[in-house]
Visitor: 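The structure's right below; bear with me while I get my questions together.
Letters A, B, ... are given to chains in the order of the sequence lines, protein chains preceding strands, and every chain is numbered from 1.
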Number of protein chains: 2
Amino acid sequence: MNNNQTFLDKLRQRGYRITPQREMIVNAIAHSDRHMTAEGIFDAIHPRSKALNLTTIYRTLDLLVDVGLVSRADLGNGRTMYTSDQHGPHLHLVCRQCGCVTDAGPTLLAAIDDQLQASFGFDADLQHVCISGLCKFCQTPS
Amino acid sequence: MNNNQTFLDKLRQRGYRITPQREMIVNAIAHSDRHMTAEGIFDAIHPRSKALNLTTIYRTLDLLVDVGLVSRADLGNGRTMYTSDQHGPHLHLVCRQCGCVTDAGPTLLAAIDDQLQASFGFDADLQHVCISGLCKFCQTPS
DNA sequence: CTCCTTGCAAAGCCTTTGCACGCTG
DNA sequence: CAGCGTGCAAAGGCTTTGCAAGGAG
């Protein structure tokens with residue numbers, strides 16, 4: 001679980017400075033299996049340390065995305081979700097009812113990708129996409 | 001090309017009033033094969049008639065979505081796209097480079113839907129989703 | 001000591017809401 | 001004539017930007 005080191009090393013390599021804030025943010029992302037929004041990261045850190053600002057989180061996330069350690073995915077609702085790329089590429093299935101996020105793994109991803117590629121020659125950024133719908137548990141007959 | 005009538009009739013049926021603004025908006029959507037944003041509709045109409053406000057467009061679009069004549073799809077960038085449901089369900093493939101929007105038709109849609117359903121029991125709102133990537137023409141070897 | 005980073009505040013962007021006037025039916 | 005629909009202005013939520021102070025290397 002020393003993803004943090006990996007992350008920090010890569011940042012150092014690229015000549016970025018390692019600050020407490022960046023460490024905290026990287027930590028939050030690397031330790032979490034979850035997908036996080038900027039605000040989620042803020043909420044995770046703020047209780048323990050107040051030396052962190054939302055602005056900084058956004059800037060650091062942009063930086064991590066540039067470096068290629070994290071990928072950005074658009075939730076439909078105007079928010080943006082960030083995920084460590086350590087987990088490999090995956091598609092996000094967001095339940096419109098309960099808000100849960102299911103990851104569709106490489107297999108399904110590849111299948112869909114193939115179809116988009118074959119039918120339209122379209123090279124999709126599937127890791128960056130969230131598909132909304134109803135998860136297994138919310139498909140109530142009501 | 002009298003989709004407008006269909007649209008307006010349905011609105012009347014539901015007890016909504018037909019106003020010049022609603023006619024213009026419905027016209028813009030029905031006559032266009034394109035996917036439109038609220039602002040796009042505004043820009044299409046404003047040159048000819050100034051009797052229209054962005055607020056009204058948003059309210060009318062909400063209404064059309066409620067009635068089921070139009071569907072809402074999330075572009076990744078915080079904007080929302082609206083499409084006449086006359087064209088049937090389709091998935092939007094948005095090129096991150098040239099911005100073009102390709103529609104993936106029912107076949108592909110069904111295939112993807114099946115896979116999400118089979119693998120995760122996830123009932124996707126595929127018509128509401130835009131997948132970003134590179135279109136056929138932008139996949140340059142650079 | 002240099003200058004990359006941070007925090008604060010304010011702006012930006014798209015969308016929504018409140019309220020009084022006006023027009024549809 | 002009743003009440004829905006409109007425009008205007010302002011707020012709202014998330015994200016970005018400007019600028020001076022602060023910390024990393």
Visitor: Check the orientation of B:Phe42 and B:His46. Use parallel for under 30°, tilted for 30 to 60°, and perpendicular for over 60°.
Guide: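 The rings of B:Phe42 and B:His46 lie parallel, inter-plane angle below 30°.
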Visitor: Tell me the interatomic distance from B:Tyr58, atom OH, to D:dT6, atom P, rounded to whole angstroms.
Guide: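 Rounded to the whole Å, the gap is 16 Å.
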Visitor: Looking at D:dT6, C:dT15, D:dC14, which one has an atom nearest to any side-chain atom of A:Glu39?
Guide: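 In terms of side-chain proximity for A:Glu39, the closest of D:dT6, C:dT15, D:dC14 is D:dC14.
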Visitor: Do the side chain of A:Gln115 and the main chain of B:Ala111 share a donor and acceptor less than 3.5 angstrom apart?
Guide: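 Judged by distance alone, no pair lies under 3.5 Å.
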Visitor: Using whole Å, what does the distance between atom P of nucleotide D:dA10 and atom CG of B:Leu54 come to?
Guide: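 Roughly 17 Å, once rounded to whole Å.
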Visitor: Considering just the side-chain nitrogens and oxygens of A:Asn53, establish if one lies under 4.0 Å of OP1 or OP2 belonging to C:dC8.
Guide: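 A:Asn53 to C:dC8 OP1/OP2: side-chain N or O found under 4.0 Å.
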Visitor: Working note: B:His92 + B:His128, criterion ring pair (Phe, Tyr, Trp, His ring centres under 6.0 Å); need CA distance, chi angles, decisive distance, verdict.
Guide: CA-CA 8 Å; B:His92 306 281; B:His128 299 172; 9.3 Å; no
Visitor: Considering the terminal five base pairs at each end of the helix from C:dC1-D:dG25 to C:dG25-D:dC1, what angle separates the two local helix axes, rounded to 10°?
Guide: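 The value is 30°.
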Visitor: What is the distance from atom SG of B:Cys95 to atom CD1 of B:Ile131, rounded to the nearest 0.5 Å?
Guide: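 So the gap between those two atoms works out to 13.5 Å.
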Visitor: Ignoring backbone atoms, test whether B:Thr56 places a side-chain nitrogen or oxygen under 4.0 Å from the OP1 or OP2 oxygen of D:dG7.
Guide: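 The answer is yes; a side-chain N or O of B:Thr56 sits under 4.0 Å from OP1 or OP2.
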Visitor: Using a heavy-atom cut-off of 4.0 Å across all strands, would you classify B:Thr37 as base, sugar-phosphate, or nothing?
Guide: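 Here B:Thr37 touches no strand at all.
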Visitor: Whole angstrom is fine here: how far is it from CD1 in A:Ile57 over to C1' in D:dC14?
Guide: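 About 13 Å, once rounded to whole Å.
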Visitor: Can you list the residues that meet the salt bridge (charged side-chain N to carboxylate O under 4.0 Å, His left out) rule with A:Asp9, with sequence neighbours excluded?
Guide: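 In terms of salt bridge (charged side-chain N to carboxylate O under 4.0 Å, His left out), with neighbours along the sequence ignored, A:Asp9 is linked to A:Arg12.
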Visitor: Can you confirm whether B:Met36 sits close enough to B:Tyr82 that some side-chain heavy atom of one is under 4.5 Å from a side-chain heavy atom of the other?
Guide: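 No. Closest side-chain heavy atoms not under 4.5 Å.
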Visitor: Looking at residues at least two apart in the chain, or sitting in another chain, which of them share a side-chain contact (heavy atoms from CB on, under 4.5 Å) with A:Ala28?
Guide: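 Result, side-chain contact (heavy atoms from CB on, under 4.5 Å) vs A:Ala28: A:Ile41, A:Ile45.
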Visitor: Taking only heavy atoms on the protein side, list every residue of residues 40-52 of chain B lying under 4.0 Å from any atom of DNA chain C, sorted numerically.
Guide: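 Of all residues in residues 40-52 of chain B, none places a heavy atom under 4.0 Å from DNA chain C.
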Visitor: Tell me: CG of A:Leu63 to C1' of D:dT16, nearest whole Å?
Guide: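 Whole-Å distance recorded here is 15 Å.
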Visitor: To the nearest 0.5 Å, what is the distance between CZ on A:Phe120 and CG on B:Asp103?
Guide: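 One finds 8.0 Å between CZ of A:Phe120 and CG of B:Asp103.
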Visitor: If you take any heavy atom closer than 4.0 Å to DNA chain C, which residues from residues 9-25 of chain B end up in contact?
Guide: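 When residues 9-25 of chain B is checked for heavy atoms under 4.0 Å from DNA chain C, the hits, listed by number, are B:Arg17, B:Ile18.
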Visitor: In chain order, what residues pass the side chain to side chain donor-acceptor pair (under 3.5 Å) check against B:Asp43, with sequence neighbours excluded?
Guide: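 Partners of B:Asp43 under the side chain to side chain donor-acceptor pair (under 3.5 Å) test: none.
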Visitor: Side chains of B:Ile57 and B:Gln21: does their closest heavy-atom pair fall under 4.5 Å?
Guide: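 Of all side-chain heavy-atom pairs linking B:Gln21 with B:Ile57, none is under 4.5 Å.
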Visitor: Starting at CG of A:Asp74 and ending at P of C:dC14, how long is that distance when rounded to a whole Å?
Guide: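 So the CG-P distance, A:Asp74 to C:dC14, works out to 14 Å.
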Visitor: Round to the nearest Å and state the distance from B:Arg79 atom CZ to C:dC13 atom C1'.
Guide: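 Atom CZ in B:Arg79 sits about 9 Å away from atom C1' in C:dC13.
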Visitor: Which atom pair, heavy atoms only, marks the closest approach of A:Ser132 to B:Val129?
Guide: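 That closest heavy-atom pairing would be N-CG2, 3.8 Å.
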Visitor: Whether B:Thr55 contacts C:dT17 is assessed here as follows: a side-chain N or O lying under 4.0 Å from the phosphate OP1 or OP2. Is that the case?
Guide: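 For B:Thr55, the contact criterion (side-chain N or O under 4.0 Å from OP1 or OP2 of C:dT17) is not met.
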